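Working notes, structure below.
If you're wondering where the values come from, they're calculated on a predicted model, not measured in any experiment.
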Amino acid sequence: MGGVLRAESLWVETFTGLRMDRFEKLLRVVRERGGNGPGGGRPWCLALADRVLLVAVYYRTHLTMRQLAPLSGVSPATVCRVIQRLGPLLALEPAPRPVADVDRLWIVDGTLIPVRDRGVGASSRNYRFSANVQLIINADSRLVVASARPAPGNKADAHVWRESDLPAAAAGTTVIADGAYLGTGLIVPHRKRAGRPLLRGQEEDNAEHRQVRARVEHTFARMKNWKILRDCRQKGDSLHHAVQAVATLHNLAMTG
């Protein structure tokens, strides 16, 4: 049975938001990481471009394997094998180290993503099993520069930050965050204390802080157009791979 899903301009732009030249750049990265090699079984029945698009469609729509299979003209087992093989190869490239003489501003924040895997998530304040996913973005370009591995959703943002590898990735860079990161050494808003209202200058600082920090919220909103980040059914490292892949696709779309 032949599928209708092909790596053509209409399908690529609809499901990835990328122009064909940016999608081809993504293919080169996946190919360099060994994506065109054997998957441990029979040779692939789909070209690499079609397989990468299949993974993107899965992340975008979060359809089941049985629903994606007829779109690609392959079996559900092949769809699963393609996603498991190529998903990790779409990972976000490490951010370049900050240059000492360049003033660079990064923003960090976390969001809760509903999950089904009890080993990854925990019951959180929204009464669902969720995972806490934290990202750092560049305040100027609004590109994702790093992401932490998912943590249980009942952990505080400051605790997740300290346990992740994000502090090492952000070393030497000015990083701002919201009030949940108090005590982490990041730049957070001034706090109101009982009987001590904020000074006018502090209120102005907080207003400017909110205006800049909103950029990370906008990034999360754009990334959650990929439905895998609204309710992840996969287990193990699948959510981590999905966040990394969506961040890569987001960055390519922003630079396109």
Quiz item: Are any non-hydrogen side-chain atoms of Val57 and Trp11 less than 4.5 angstrom apart?
Solution: no
Self-check item: Distance in Å, Leu54 CG paired with Tyr59 OH, rounded so as to fall on 0.5 Å steps
Solution: 10.5 Å
Quiz item: With side chains defined as the heavy atoms from C-beta onward, is the minimum distance between Val144 and Met223 less than 4.5 Å?
Solution: yes
Quiz item: When you measure from the side chain of Asn206 to the backbone N and O of His190, does any donor-acceptor pair fall under 3.5 Å?
Solution: yes
Practice problem: To the nearest 0.5 Å, tell me how far Arg210 CZ sits from Asp178 CG. | Solution: 12.0 Å
Practice problem: Check whether any side-chain heavy atom of Leu89 sits under 4.5 Å from a side-chain heavy atom of Val52, and report yes or no. | Solution: no
Practice problem: Taking all heavy atoms of His250 and all of Arg142, pick out the closest pair and write down the distance. | Solution: NE2-O, 3.3 Å
Self-check item: Rounded distance (nearest 0.5 Å) linking atom CG of Leu90 with atom CD1 of Ile83
Solution: 11.0 Å
Quiz prompt | Donor-acceptor pair between Asn138 and Arg215 side chains, under 3.5 angstrom | solution = no
Quiz prompt | Heavy-atom closest contact (Leu53 atom, Val12 atom, distance) | solution = CD1-CA, 4.1 Å
Quiz prompt | Least distance between heavy atoms, Pro189 atom then Gly179 atom | solution = CD-N, 3.8 Å
Quiz prompt | Test side chain to side chain donor-acceptor pair (under 3.5 Å) applied to Tyr58 and Gln234, Gln67, Lys227, the passing residue | solution = Gln234
Practice problem: Indicate yes or no for a side-chain donor-acceptor contact from His62 to the backbone of Asp231 under 3.5 Å, with no hydrogens or angles considered. | Solution: yes
Table please: side-chain donor-acceptor pairs of residues 145-155 below 3.5 Å, with sequence neighbours left out.
residue : atom : partner : partner atom : Å
Ser147  : OG   : Gln244  : NE2          : 2.5
Arg149  : NH2  : Asp237  : OD1          : 2.4
Lys155  : NZ   : Glu163  : OE1          : 3.2

Exercise. Identify whether Leu249 and Leu48 are in the same connected component of the hydrophobic contact network (ILVMFWY, side-chain heavy atoms under 4.5 Å).
Key: yes
Quiz item: So, do Asp109 and Tyr181 sit near enough that their side-chain heavy atoms are less than 4.5 Å apart?
Solution: yes
Practice problem: Give the C-alpha distance, both sets of side-chain angles, the deciding distance and a yes or no for side chain to side chain contact (heavy atoms under 4.5 Å, CB included) between Leu63 and Leu71. | Solution: CA-CA 11 Å; Leu63 295 172; Leu71 288 175; 4.2 Å; yes
Quiz item: Between the side chain of Gln134 and the main-chain N/O of Asp157, is any donor-acceptor distance below 3.5 Å?
Solution: yes
Quiz item: Short question: side chain of Arg128, backbone of Pro114 - any donor-acceptor pair under 3.5 Å?
Solution: no
Quiz prompt | Main-chain N/O of Ala91 paired to Arg33 side chain as donor or acceptor, under 3.5 Å | solution = yes
Exercise. Could you tell me whether the side chain of Asp50 and the main chain of Arg6 form a donor-acceptor pair under 3.5 Å?
Key: no
Practice problem: Identify the two heavy atoms, one from Trp226 and one from Ala56, that lie closest to each other, and give their separation to 0.1 Å. | Solution: CZ3-O, 3.3 Å
Self-check item: Heavy-atom side-chain proximity of Ile136 to Trp161 below 4.5 angstrom
Solution: yes
Quiz item: What are the two closest heavy atoms between Leu18 and Ala253, and how far apart are they?
Solution: CD2-N, 3.3 Å
Self-check item: Minimum heavy-atom distance between Ala245 and Gly87, given as atom pair plus value
Solution: CB-O, 4.4 Å
Quiz item: Going only through I, L, V, M, F, W and Y residues with side-chain contacts under 4.5 Å, is there a path from Val160 to Leu182?
Solution: no
Exercise. Show your reasoning for whether side chain to side chain contact (heavy atoms under 4.5 Å, CB included) applies to Phe23 and Glu13.
Key: CA-CA 9 Å; Phe23 184 70; Glu13 293 181 8; over 6 Å; no
Practice problem: Identify, with sequence neighbours excluded, every residue that meets salt bridge (Lys or Arg N to Asp or Glu O under 4.0 Å) alongside Glu217. | Solution: Arg213
Quiz item: Just how far is it from atom OG1 of Thr111 to atom CD1 of Ile113, taken to the nearest 0.5 Å?
Solution: 6.0 Å
Self-check item: Side-chain donor/acceptor of His209 to backbone N/O of Ile187, under 3.5 Å
Solution: yes
Quiz prompt | Residues Glu24, Arg28: salt bridge by 4.0 Å N-O rule | solution = no
Practice problem: Sequence neighbours left out, what passes salt bridge (Lys or Arg N to Asp or Glu O under 4.0 Å) with Glu208? Give chain and number order. | Solution: none
Quiz prompt | Check: Gly35 main-chain N/O paired with Arg51 side-chain donor or acceptor under 3.5 Å | solution = yes
Quiz item: Which value, rounded to the nearest 0.5 Å, describes the distance between Leu46 atom CG and Thr78 atom OG1?
Solution: 7.5 Å
Quiz item: Would a distance-only check, ignoring hydrogens and angles, find a side-chain to backbone donor-acceptor pair under 3.5 Å from Asn36 to Arg31?
Solution: no
Quiz item: Going only through I, L, V, M, F, W and Y residues with side-chain contacts under 4.5 Å, is there a path from Leu68 to Val4?
Solution: yes
Practice problem: Report the distance from atom CG of Leu239 to atom CD1 of Ile228, rounding to the nearest 0.5 Å. | Solution: 7.5 Å
Quiz item: Would Val29 and Thr248 satisfy side chain to side chain contact (heavy atoms under 4.5 Å, CB included), going step by step from the backbone distance to the final call?
Solution: CA-CA 11 Å; Val29 172; Thr248 298; over 6 Å; no
Self-check item: Side chain proximity check, Ile176 to Val188, heavy atoms < 4.5 angstrom
Solution: no
Quiz item: Are side-chain heavy atoms of Leu229 and Val133 found at a separation under 4.5 Å?
Solution: no
Practice problem: State, without any angle test, whether Arg233 and Thr64 hold a side-chain donor-acceptor pair at a distance under 3.5 Å. | Solution: no
Practice problem: Report yes or no: does Arg230 contribute a side-chain atom to a donor-acceptor pair with the main-chain N or O of Lys224 at less than 3.5 Å? | Solution: yes
Quiz item: Less than 4.5 Å apart, any side-chain heavy atom of Thr184 and any of Arg162?
Solution: yes
